[in-house]
A.B. asks: 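Sharing a structure with you now.
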Amino acid sequence: MSDFNDAEYRNTFRHTTSHILAHAVKRLFPETLLAIGPAIENGFYYDFDREKSFTESDLTAIEEEMQRIIKEHLPIERKVMGREEAKKLMADRGETYKVELIDDLPEGAEISFYQQGDFIDLCAGPHLENTAQVRAFKLTQLAGAYWKGSEKNRMLQRIYGTSFTDKKELKQFLAAQEEARKRDHNKLGRELGLFTTVDYIGQGLPIMLPKGAKVLQILQRFVEDEEARRGYQITKTPFMAKSDLYKISGHWDHYRDGMFILGDPDKDGEEEVLALRPMTCPFQFQAYLTKTRSYRDLPIRYGETSTLFRNESSGEMHGLIRVRQFTISEGHIVCLPEQLEQEFKASLELAQFMLTTLGLAEDVSYRFSKWDPNNTEKFIGSAEQWDSAQTAMQNILDHTDMDYTVGDGEAAFYGPKLDIQIRNVFGKEDTLITIQLDFQLAERFEMEYIDRDGSKKHPFIIHRTSIGCYERTLALLIEKYAGALPLWMAPEQARILPISEKHLDEARALADKMRLLGFRVEVDGRDEKIGKKIREARMDRLQYMLVLGDKEIESGTVAVRSRRDGELGAMPVGDLLAKLQREVDDKVN
RNA sequence: GCCGCUGUGGCUCAGGGGUAGAGCAAUUCACUCGUAAUGAAUAGGUCGUGAGUUCAAUUCUCACCAGCGGCUCCA
């Protein structure tokens, strides 16, 4: 018996399930055309083309039909054909997408089909031997997807599903997914009063509420202090500029769709046209340009807590992860060629320090994002420049021991980058942090330094962020900690719960004392039973609940309940404060 | 931008062509020492927005706005 933990077998299993899905769809809706149906992480999908949209109830009917196909114990047979024969078979059935797929197959490739009953599908395989082997499956969602992944092509209907060798595993998987979704920052963040949105303000423009804004402030101070320690100088630059600036930087030609432009370039004349900044680089470069620089001045590291504006398409926005206005720990390092590796590594080290401190280090993966030589419209510079930049970056990466994937065509328009990727509760991957090599913008902005030999040279520039953009980072922290943020960044570190109204003054006095020491603490002043107050505090994901006025314990002590450690019992106030301070300082998670 | 789903008081939801209901939360009063719920009362909604159909629309139709899951794009 093959092992389901083996990725290859699991993919075969799920790929077979996707064929059963397609089979069922063809039985119920014969007019449907088949596109592709691969196994993916955690399941499979199949793309269909059909005039009418599938509905939720169609999905149920399809599941029932799939069940029937499984019960029919249909043997699955592989058939190899010549190109023309294969094309004719598919053309006769009207499967135009399959014909196109066959045309795309390289010369000399073996063209195979898999058949189960009256259903036959173009497929490289492999597959299970019999449909009856699929014991447990579930169709999970309906979605749209472009044919061949290009927005220029027709939008197909994609049905996602998953399957397992037994029902128990399926149940566990679905329960785990359900559980993960409870951490969804978009729900939790709103429930916990971190942020909200308003329909008449607009998409991708969240309102950070006091608690959310507090966390951002804490993170921002932490980052700015840490960067100062590492030799960064701080800048503060405008949120907008004339189009002239973006014409120099290349944004006007390569990023205009992503910008908010104020004024009409056709009507108002170029002088009148301003645009909100989508990136900080061209602004921060001006700090470098204020005087003649010597090789002795380099490296120069600039940092800025920078608010950016990007006109994302309407369907892209997602909670705090994808927004139209965000604030990023932006920085640019101007350096000599021989400093490049060292500065890049230092940037990486800073990013990793941040990730470790946030507790996210284990959750990220690394991606070396390169340009796409076939899409020169998207990128500036020559192939030689790109090759040399990518080679330099490759060399640097080879001198680290990190594992990384390669993302072709994922580079910034001006240079290759190292992206630090993270997944949200839905398993969707986003870039949290990025470090980019730029061999081009210095030249465009005429940034120079006088080298040892007296000649003027263009420096290299590293674009980097240390913690990413704060909104997205906060989103992932909420999901990581299910809303119970580590004490050092928690907007409310402890709540004092007077056991009855008689102890309210005492509670307020303790709160004042703690605030003076820098703790973020609130008093639950409601005249309610203590059990209710504790329940509320727990629902608010409080790290510490301090019960005050317990007659079982002597005065000068509080009953301490911690999210992590449970009931800690009576503790003298001094000990409590020392304990909290220690936890804040250590940033213990 | 594209495909699909959703929008009823702060939250979770019910309802349905004849102008709205529950629980929790809130407020008031009473109670006051224990870990998912003390009791009673009160208040709170032009049913996302705008048009259309209709004698009548929160309910049907359309458009728009916003939220969600994908695709494409991206920090």
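So that the names make sense, note that chain A is the first sequence line, chain B the second, and so on, each numbered from 1. Here the structure is a predicted model, which is why all the values come from computation and not from measurement.
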A.B. asks: If you measure from the ring centre of Y200(A) to the centre of the six-membered ring in the base of A66(B), is it under 5.5 Å, with the planes under 30° apart?
C.D. replies: no
A.B. asks: Under 3.5 Å, is there an N or O donor on one side and an acceptor on the other linking the side chain of R190(A) and the base of C11(B)?
C.D. replies: no
A.B. asks: Given atom CZ of R538(A) and atom P of A37(B), what is their separation to the nearest angstrom?
C.D. replies: 10 Å
A.B. asks: Scan R158(A) against the nucleic acid and name what it touches under 4.0 Å (heavy atoms): base, sugar-phosphate only, or nothing.
C.D. replies: sugar-phosphate
A.B. asks: Between K182(A) and E179(A), does any side-chain N to carboxylate O distance fall below 4.0 Å?
C.D. replies: yes
A.B. asks: Look at atom CD of E178(A) and say whether more than 12 heavy atoms of other residues, nucleotides or ligands are closer to it than 6.0 Å.
C.D. replies: no
A.B. asks: My understanding is that only one of F413(A), Y414(A), W386(A) makes a ring pair (Phe, Tyr, Trp, His ring centres under 6.0 Å) with F379(A); could you say which?
C.D. replies: W386(A)
A.B. asks: Just call it for A143(A): base, sugar-phosphate, or nothing, with non-hydrogen atoms closer than 4.0 Å on any strand.
C.D. replies: base
A.B. asks: Taking atom types as modelled, find out whether Y97(A) and D49(A) have a side-chain donor-acceptor pair closer than 3.5 angstrom.
C.D. replies: yes
A.B. asks: If I pick the P atom on G1(B) and the same atom on U8(B), what distance separates them, to the nearest angstrom?
C.D. replies: 23 Å
A.B. asks: Could you check which of G48(B), A75(B), G1(B) has an atom nearest any side-chain atom of V323(A)?
C.D. replies: A75(B)
A.B. asks: For the side chain of T197(A), counting heavy atoms from C-beta on, which of G67(B), C3(B), U38(B) is nearest?
C.D. replies: G67(B)
A.B. asks: Looking at K480(A) and D363(A), is there a salt bridge between them, counting it only when a charged N and a carboxylate O are closer than 4.0 Å?
C.D. replies: yes
A.B. asks: Considering every strand and a 4.0 Å limit on heavy-atom distances, what is the contact class for K529(A): base, sugar-phosphate, or nothing?
C.D. replies: base
A.B. asks: Which is true for V198(A) with a 4.0 Å heavy-atom rule: it touches a base, it touches only sugar-phosphate, or it touches nothing?
C.D. replies: nothing
A.B. asks: Return yes if the base of U72(B) and the side-chain atoms of E316(A) contain a donor-acceptor N/O pair under 3.5 Å, otherwise no.
C.D. replies: yes
A.B. asks: Side-chain N or O of K532(A) less than 4.0 angstrom from OP1 or OP2 on U32(B)?
C.D. replies: no
A.B. asks: Under 4.0 Å, counting only non-hydrogen atoms across every strand here, what does I499(A) touch: a base, just sugar-phosphate, or nothing?
C.D. replies: base
A.B. asks: Starting at CD1 of I534(A) and ending at C1' of U32(B), how long is that distance when rounded to a whole Å?
C.D. replies: 15 Å
A.B. asks: Could you give the distance separating C24(B) and C65(B) at their P atoms, to the nearest angstrom?
C.D. replies: 38 Å
A.B. asks: Partner lookup for A41(B), please. Criteria are Watson-Crick or G-U wobble with both distances under 3.5 angstrom; report none if nothing qualifies.
C.D. replies: U27(B)
A.B. asks: Just to be sure I understand the rule, does F54(A) reach a base, reach only the sugar-phosphate, or reach nothing, if contact means heavy atoms closer than 4.0 Å?
C.D. replies: nothing
A.B. asks: Return whichever of K378(A) or S313(A) has its heavy-atom-nearest nucleotide of RNA chain B closer to the 5' end.
C.D. replies: S313(A)
A.B. asks: For D430(A), answer base if it contacts any base atom (sugar-phosphate contacts may also be present), sugar-phosphate if it contacts only those atoms, and nothing otherwise; contact means non-hydrogen atoms under 4.0 Å.
C.D. replies: base
A.B. asks: At under 4.0 Å between heavy atoms, what does E471(A) touch on the DNA or RNA strands: base, sugar-phosphate, or nothing?
C.D. replies: nothing
A.B. asks: So which nucleotide does U46(B) pair with, by the Watson-Crick or G-U wobble rule with both distances under 3.5 Å?
C.D. replies: none
A.B. asks: Do D527(A) and C31(B) share a donor-acceptor pair, side chain to base, under 3.5 Å?
C.D. replies: yes
A.B. asks: Report yes if a donor N or O on one partner sits less than 3.5 Å from an acceptor N or O on the other, where the partners are the side chain of E536(A) and the base of A36(B); otherwise report no.
C.D. replies: no
A.B. asks: What is the nucleic acid contact for L156(A), judged by heavy atoms within less than 4.0 Å: base, sugar-phosphate only, or nothing?
C.D. replies: nothing
A.B. asks: Could you let me know what G69(B) is paired to, Watson-Crick or G-U wobble, both distances under 3.5 Å, or none if it's on its own?
C.D. replies: C3(B)
A.B. asks: Please check if the distance between the ring centroids of F326(A) and F309(A) is under 6.0 Å.
C.D. replies: no
A.B. asks: Tell which nucleotide pairs with U53(B), taking only Watson-Crick or G-U wobble pairs whose two distances are both under 3.5 angstrom.
C.D. replies: none
A.B. asks: Can you tell me the base-pairing partner of U32(B)? Count Watson-Crick or G-U wobble geometry only, both distances below 3.5 Å, and say none if there is no partner.
C.D. replies: none
A.B. asks: Looking at D58(A) and K52(A), is there a salt bridge between them, counting it only when a charged N and a carboxylate O are closer than 4.0 Å?
C.D. replies: no
A.B. asks: Distance check, C1' atoms only: U46(B) and A20(B), in whole angstrom units.
C.D. replies: 12 Å
A.B. asks: When the C1' atoms of C64(B) and A25(B) are compared, how many Å lie between them, rounded to an integer?
C.D. replies: 33 Å
A.B. asks: Using the C1' atom as the reference point in each nucleotide, state the distance between A43(B) and G10(B) in Å, no decimals.
C.D. replies: 14 Å
A.B. asks: Can you say whether a donor on the side chain of Y146(A) sits under 3.5 Å from an acceptor on the base of G1(B), or the other way round?
C.D. replies: yes
A.B. asks: Rounded to whole angstrom units, what separation is found between the CG atom of L209(A) and the P atom of C11(B)?
C.D. replies: 12 Å
A.B. asks: Taking a pair as Watson-Crick or G-U wobble with both distances under 3.5 Å, which nucleotide is matched to A20(B)?
C.D. replies: none
A.B. asks: What is the nucleic acid contact for G319(A), judged by heavy atoms within less than 4.0 Å: base, sugar-phosphate only, or nothing?
C.D. replies: sugar-phosphate
A.B. asks: For G315(A), report the nucleic acid contact type (base, sugar-phosphate, nothing); a contact means any heavy atom under 4.0 Å.
C.D. replies: base
A.B. asks: Could you tell me whether F48(A) and Y46(A) have their ring centroids closer than 6.0 angstrom?
C.D. replies: yes
A.B. asks: Write down the distance between CZ (R495(A)) and P (U35(B)), rounded to a whole number of angstrom.
C.D. replies: 18 Å
A.B. asks: Tell me the interatomic distance from K152(A), atom NZ, to C73(B), atom C1', rounded to whole angstroms.
C.D. replies: 12 Å
A.B. asks: Rounded to whole angstrom units, what separation is found between the CZ atom of R181(A) and the P atom of C5(B)?
C.D. replies: 18 Å
A.B. asks: How about H332(A) and F285(A): are their ring centroids closer than 6.0 Å?
C.D. replies: yes
A.B. asks: Among G70(B), A75(B), C33(B), find the nucleotide with the atom closest to the side chain of F426(A).
C.D. replies: G70(B)
A.B. asks: Output the rounded distance in Å from CG (N424(A)) to P (A75(B)).
C.D. replies: 17 Å
A.B. asks: When the distance from CG of L59(A) to P of G4(B) is rounded to whole Å, what number comes out?
C.D. replies: 15 Å
A.B. asks: Looking at every strand, decide which applies to E312(A) at a 4.0 Å heavy-atom threshold: base, sugar-phosphate, or nothing.
C.D. replies: base
A.B. asks: Mapping Q203(A) and R526(A) to their closest nucleotides on RNA chain B, which lands nearer the 5' end?
C.D. replies: R526(A)
A.B. asks: Categorize K417(A) for me: base, sugar-phosphate, or nothing, with a 4.0 angstrom heavy-atom threshold over every strand shown.
C.D. replies: sugar-phosphate
A.B. asks: Could you work out the separation of U6(B) and A75(B) based on their C1' atoms and round it to a whole Å?
C.D. replies: 28 Å
A.B. asks: Between T197(A) and R190(A), do the side chains contain an N or O donor and an N or O acceptor separated by less than 3.5 Å?
C.D. replies: yes
A.B. asks: C1' atom, A51(B) versus A57(B): distance in rounded Å?
C.D. replies: 13 Å
A.B. asks: Given the C1' atoms of G21(B) and G16(B), what is the spacing between them in whole Å?
C.D. replies: 12 Å
A.B. asks: Is the phosphate of G4(B), meaning OP1 or OP2, less than 4.0 Å from a side-chain N or O of S53(A)?
C.D. replies: yes
